[in-house]
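For reference, positions follow the sequence shown, starting with 1. Note: hydrogens, waters and symmetry copies are ignored here, and every other heavy atom, side chains too, is used.
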Amino acid sequence: MTTPTPVDSLEATVAHDAQEQAARLVQDAFAEVFRNTLDAAPEAQVTAVVSVCAKLAEWAGMSDAEGSAARKALLLSGLDQWGLAWSQAFGPAAAVGITALVGALRDTMDVAQEGRCQTWFSLLNDDEGCGFAFKVELRRGIHLALWHTMIASADRDEALAVLRTLGGLMLGLLRLMPQAGWRLVADALAHIQLRCLQHGLATEGLAQETTQELFAALSRELAKDERDRIMAHANQAVIAWQRAARTEH
(Lines give C-alpha, C1' and ligand atoms only; values in the text may rest on other atoms or scores of the structure.)
Protein backbone atom coordinates (compact mmCIF):
# COMPACT_ATOMS: atom_id res chain seq x y z
CA MET A 1 0.00 0.00 0.00
CA THR A 2 1.41 3.37 -1.00
CA THR A 3 1.72 5.80 1.91
CA PRO A 4 0.44 9.35 1.32
CA THR A 5 2.83 12.20 0.71
CA PRO A 6 3.50 13.86 4.09
CA VAL A 7 1.89 17.20 4.88
CA ASP A 8 4.35 20.03 4.18
CA SER A 9 4.42 22.40 7.14
CA LEU A 10 6.59 24.83 5.15
CA GLU A 11 4.42 25.23 2.05
CA ALA A 12 2.30 28.06 3.48
CA THR A 13 5.50 30.07 4.02
CA VAL A 14 7.56 28.94 1.01
CA ALA A 15 5.44 27.67 -1.89
CA HIS A 16 6.11 24.41 -3.73
CA ASP A 17 7.71 26.07 -6.78
CA ALA A 18 9.90 28.32 -4.60
CA GLN A 19 11.10 25.26 -2.69
CA GLU A 20 12.14 23.61 -5.95
CA GLN A 21 13.80 26.86 -7.02
CA ALA A 22 15.76 26.88 -3.74
CA ALA A 23 17.10 23.39 -4.48
CA ARG A 24 18.20 24.44 -7.97
CA LEU A 25 19.83 27.62 -6.65
CA VAL A 26 21.76 25.56 -4.12
CA GLN A 27 22.94 23.18 -6.84
CA ASP A 28 24.10 26.06 -9.04
CA ALA A 29 25.80 27.74 -6.08
CA PHE A 30 27.61 24.55 -5.13
CA ALA A 31 28.76 23.95 -8.71
CA GLU A 32 30.15 27.48 -9.07
CA VAL A 33 31.95 27.51 -5.73
CA PHE A 34 33.28 23.98 -6.16
CA ARG A 35 34.59 24.79 -9.63
CA ASN A 36 36.43 27.83 -8.27
CA THR A 37 37.79 25.77 -5.37
CA LEU A 38 39.43 23.48 -7.93
CA ASP A 39 40.55 25.93 -10.59
CA ALA A 40 40.81 29.48 -9.30
CA ALA A 41 43.42 31.46 -7.39
CA PRO A 42 42.59 32.21 -3.71
CA GLU A 43 41.43 35.74 -4.50
CA ALA A 44 39.06 34.45 -7.19
CA GLN A 45 37.72 31.83 -4.77
CA VAL A 46 36.82 34.55 -2.27
CA THR A 47 35.23 36.65 -5.02
CA ALA A 48 33.13 33.66 -6.11
CA VAL A 49 31.89 33.03 -2.57
CA VAL A 50 30.95 36.70 -2.11
CA SER A 51 29.17 36.82 -5.47
CA VAL A 52 27.24 33.60 -4.96
CA CYS A 53 26.30 34.58 -1.42
CA ALA A 54 24.87 37.88 -2.68
CA LYS A 55 22.70 36.04 -5.23
CA LEU A 56 21.37 33.64 -2.60
CA ALA A 57 20.69 36.39 -0.09
CA GLU A 58 18.89 38.44 -2.74
CA TRP A 59 16.61 35.51 -3.56
CA ALA A 60 15.95 34.84 0.12
CA GLY A 61 15.05 38.50 0.60
CA MET A 62 12.22 38.30 -1.96
CA SER A 63 9.73 37.55 0.82
CA ASP A 64 8.52 38.83 4.17
CA ALA A 65 10.58 38.39 7.35
CA GLU A 66 9.34 34.87 8.09
CA GLY A 67 9.59 33.77 4.46
CA SER A 68 13.11 35.16 4.12
CA ALA A 69 14.27 33.26 7.20
CA ALA A 70 12.66 30.07 5.92
CA ARG A 71 14.28 30.51 2.51
CA LYS A 72 17.69 30.90 4.13
CA ALA A 73 17.06 27.75 6.16
CA LEU A 74 16.42 25.88 2.90
CA LEU A 75 19.58 27.27 1.33
CA LEU A 76 21.73 26.45 4.35
CA SER A 77 20.28 22.95 4.64
CA GLY A 78 20.91 22.30 0.97
CA LEU A 79 24.46 23.62 1.02
CA ASP A 80 25.22 21.46 4.05
CA GLN A 81 23.97 18.36 2.25
CA TRP A 82 25.91 19.05 -0.95
CA GLY A 83 29.06 19.70 1.09
CA LEU A 84 28.61 16.52 3.09
CA ALA A 85 28.05 14.40 -0.02
CA TRP A 86 31.12 15.73 -1.79
CA SER A 87 33.37 15.52 1.26
CA GLN A 88 32.33 11.89 1.72
CA ALA A 89 33.12 11.13 -1.92
CA PHE A 90 36.28 13.20 -2.38
CA GLY A 91 37.55 14.18 1.05
CA PRO A 92 37.19 17.29 3.25
CA ALA A 93 39.04 19.55 0.78
CA ALA A 94 36.07 19.26 -1.61
CA ALA A 95 33.87 21.16 0.85
CA VAL A 96 36.20 24.06 1.70
CA GLY A 97 34.46 26.54 -0.60
CA ILE A 98 30.98 25.48 0.43
CA THR A 99 31.89 25.85 4.11
CA ALA A 100 32.98 29.42 3.39
CA LEU A 101 29.72 30.06 1.54
CA VAL A 102 27.64 28.73 4.45
CA GLY A 103 29.51 31.06 6.80
CA ALA A 104 29.02 34.03 4.48
CA LEU A 105 25.29 33.37 4.17
CA ARG A 106 24.92 33.08 7.94
CA ASP A 107 26.69 36.43 8.29
CA THR A 108 23.91 38.12 6.28
CA MET A 109 21.45 37.56 9.16
CA ASP A 110 20.84 39.67 12.25
CA VAL A 111 20.01 38.01 15.57
CA ALA A 112 16.24 38.03 15.00
CA GLN A 113 16.44 36.50 11.53
CA GLU A 114 18.98 33.93 12.66
CA GLY A 115 16.56 32.79 15.37
CA ARG A 116 13.73 32.40 12.87
CA CYS A 117 16.07 30.65 10.43
CA GLN A 118 17.26 28.19 13.08
CA THR A 119 13.65 27.30 13.92
CA TRP A 120 12.95 26.43 10.28
CA PHE A 121 16.30 24.66 9.93
CA SER A 122 15.41 22.42 12.89
CA LEU A 123 11.96 21.72 11.44
CA LEU A 124 13.52 20.70 8.13
CA ASN A 125 15.61 18.14 10.01
CA ASP A 126 12.92 16.91 12.40
CA ASP A 127 9.75 16.95 10.28
CA GLU A 128 9.85 14.75 7.17
CA GLY A 129 7.08 16.72 5.49
CA CYS A 130 8.64 20.14 6.08
CA GLY A 131 10.04 21.35 2.76
CA PHE A 132 9.16 18.07 1.05
CA ALA A 133 9.26 19.50 -2.48
CA PHE A 134 12.67 20.99 -1.69
CA LYS A 135 13.96 17.69 -0.32
CA VAL A 136 12.88 15.74 -3.41
CA GLU A 137 14.50 18.23 -5.81
CA LEU A 138 17.63 18.62 -3.69
CA ARG A 139 18.29 14.91 -3.30
CA ARG A 140 17.57 14.24 -6.95
CA GLY A 141 20.25 16.78 -7.84
CA ILE A 142 22.81 15.36 -5.41
CA HIS A 143 22.21 11.74 -6.37
CA LEU A 144 22.24 12.42 -10.11
CA ALA A 145 25.40 14.54 -9.86
CA LEU A 146 27.20 11.77 -7.99
CA TRP A 147 25.94 9.17 -10.47
CA HIS A 148 27.14 11.25 -13.43
CA THR A 149 30.52 11.67 -11.73
CA MET A 150 30.67 7.92 -11.12
CA ILE A 151 29.89 6.88 -14.69
CA ALA A 152 32.24 9.51 -16.14
CA SER A 153 35.21 8.22 -14.16
CA ALA A 154 37.75 6.09 -15.94
CA ASP A 155 39.47 5.27 -12.64
CA ARG A 156 38.00 2.18 -10.98
CA ASP A 157 38.94 3.15 -7.43
CA GLU A 158 37.41 6.61 -7.84
CA ALA A 159 34.25 5.22 -9.41
CA LEU A 160 33.84 2.67 -6.63
CA ALA A 161 34.40 5.34 -3.97
CA VAL A 162 31.61 7.44 -5.50
CA LEU A 163 29.43 4.33 -5.73
CA ARG A 164 29.89 3.69 -2.00
CA THR A 165 29.05 7.30 -1.21
CA LEU A 166 25.95 7.30 -3.41
CA GLY A 167 24.63 4.02 -2.03
CA GLY A 168 25.38 5.15 1.51
CA LEU A 169 23.54 8.44 1.03
CA MET A 170 20.46 6.65 -0.31
CA LEU A 171 20.39 4.15 2.54
CA GLY A 172 21.08 6.92 5.06
CA LEU A 173 18.15 8.88 3.68
CA LEU A 174 15.83 5.99 4.50
CA ARG A 175 17.02 6.14 8.10
CA LEU A 176 16.70 9.93 8.29
CA MET A 177 13.21 9.86 6.75
CA PRO A 178 11.70 6.50 7.74
CA GLN A 179 8.20 7.41 6.54
CA ALA A 180 8.84 9.21 3.25
CA GLY A 181 12.51 8.77 2.41
CA TRP A 182 11.68 5.90 0.08
CA ARG A 183 9.96 8.39 -2.23
CA LEU A 184 13.17 10.40 -2.62
CA VAL A 185 15.23 7.27 -3.32
CA ALA A 186 12.66 6.01 -5.85
CA ASP A 187 12.64 9.41 -7.55
CA ALA A 188 16.44 9.38 -7.91
CA LEU A 189 16.52 5.80 -9.22
CA ALA A 190 13.79 6.62 -11.73
CA HIS A 191 15.77 9.60 -13.03
CA ILE A 192 18.94 7.51 -13.31
CA GLN A 193 17.05 5.00 -15.44
CA LEU A 194 15.53 7.80 -17.52
CA ARG A 195 18.96 9.31 -18.18
CA CYS A 196 20.17 5.92 -19.36
CA LEU A 197 17.18 5.52 -21.68
CA GLN A 198 17.15 9.07 -23.02
CA HIS A 199 20.87 9.51 -23.56
CA GLY A 200 22.22 5.98 -23.89
CA LEU A 201 24.35 6.28 -20.75
CA ALA A 202 26.03 3.51 -18.73
CA THR A 203 25.63 0.94 -21.51
CA GLU A 204 29.08 -0.63 -21.21
CA GLY A 205 32.29 -0.89 -19.22
CA LEU A 206 32.85 0.58 -15.77
CA ALA A 207 29.85 2.91 -16.05
CA GLN A 208 27.48 0.01 -16.66
CA GLU A 209 29.15 -2.12 -13.99
CA THR A 210 28.88 0.51 -11.26
CA THR A 211 25.32 1.45 -12.17
CA GLN A 212 24.24 -2.18 -12.02
CA GLU A 213 26.06 -2.58 -8.71
CA LEU A 214 24.25 0.45 -7.27
CA PHE A 215 20.86 -1.16 -7.95
CA ALA A 216 22.11 -4.56 -6.78
CA ALA A 217 23.54 -3.16 -3.55
CA LEU A 218 20.30 -1.38 -2.71
CA SER A 219 18.39 -4.58 -3.39
CA ARG A 220 20.68 -6.48 -1.02
CA GLU A 221 20.53 -3.92 1.78
CA LEU A 222 16.83 -3.08 1.72
CA ALA A 223 14.10 -5.11 3.36
CA LYS A 224 11.94 -6.84 0.75
CA ASP A 225 8.84 -4.69 1.30
CA GLU A 226 10.82 -1.47 1.09
CA ARG A 227 12.79 -2.65 -1.92
CA ASP A 228 9.64 -3.67 -3.77
CA ARG A 229 7.94 -0.36 -3.00
CA ILE A 230 10.92 1.72 -4.16
CA MET A 231 11.54 -0.25 -7.33
CA ALA A 232 7.84 -0.34 -8.25
CA HIS A 233 7.55 3.44 -7.81
CA ALA A 234 10.70 4.05 -9.87
CA ASN A 235 9.57 1.67 -12.61
CA GLN A 236 6.14 3.34 -12.81
CA ALA A 237 7.84 6.66 -13.53
CA VAL A 238 9.96 5.08 -16.26
CA ILE A 239 6.92 3.37 -17.84
CA ALA A 240 5.00 6.65 -17.79
CA TRP A 241 7.87 8.36 -19.61
CA GLN A 242 8.06 5.58 -22.21
CA ARG A 243 4.32 5.82 -22.87
CA ALA A 244 4.54 9.60 -23.23
CA ALA A 245 7.49 9.25 -25.61
CA ARG A 246 5.55 6.79 -27.80
CA THR A 247 2.55 9.11 -27.86
CA GLU A 248 4.71 12.01 -29.05
CA HIS A 249 5.97 9.91 -31.94
Qualifying residues under ring pair (Phe, Tyr, Trp, His ring centres under 6.0 Å), relative to F132, sequence neighbours excluded
none
If the condition is salt bridge (charged side-chain N to carboxylate O under 4.0 Å, His left out), which residues does E20 pass it with, not counting sequence neighbours?
none
With sequence neighbours excluded, give me every salt bridge (Lys or Arg N to Asp or Glu O under 4.0 Å) pair touching residues 149-164.
R156-E209
Donor-acceptor pair, side chain of [X] and main chain of [Y], under 3.5 angstrom:
X	Y	value
S68	S63	no
E128	Q179	yes
H191	D187	yes
K135	C130	yes
H143	R139	yes
S153	T149	no
R227	S219	yes
T108	A104	no
S122	Q118	yes
N235	M231	yes

What's the verdict on side chain to side chain donor-acceptor pair (under 3.5 Å) for Q193 and W241, showing C-alpha distance, side-chain angles and the deciding distance?
CA-CA 11 Å; Q193 292 179 81; W241 173 83; over 6 Å; no
Report the C-alpha distance between E43 and T47 in whole Å, list the side-chain angles of each, state the deciding distance to 0.1 Å, and finish with yes or no for side chain to side chain donor-acceptor pair (under 3.5 Å).
CA-CA 6 Å; E43 298 82 1; T47 300; over 6 Å; no
Do NZ/NE/NH1/NH2 and the carboxylate oxygens of E137 and R140 come within less than 4.0 Å?
yes
Aromatic ring proximity F34/W82, centre distance under 6.0 Å:
no
Is it true that, when you exclude D107 itself, more than 12 heavy atoms of the residues, nucleotides or ligands shown sit nearer than 6.0 Å to its CG?
yes
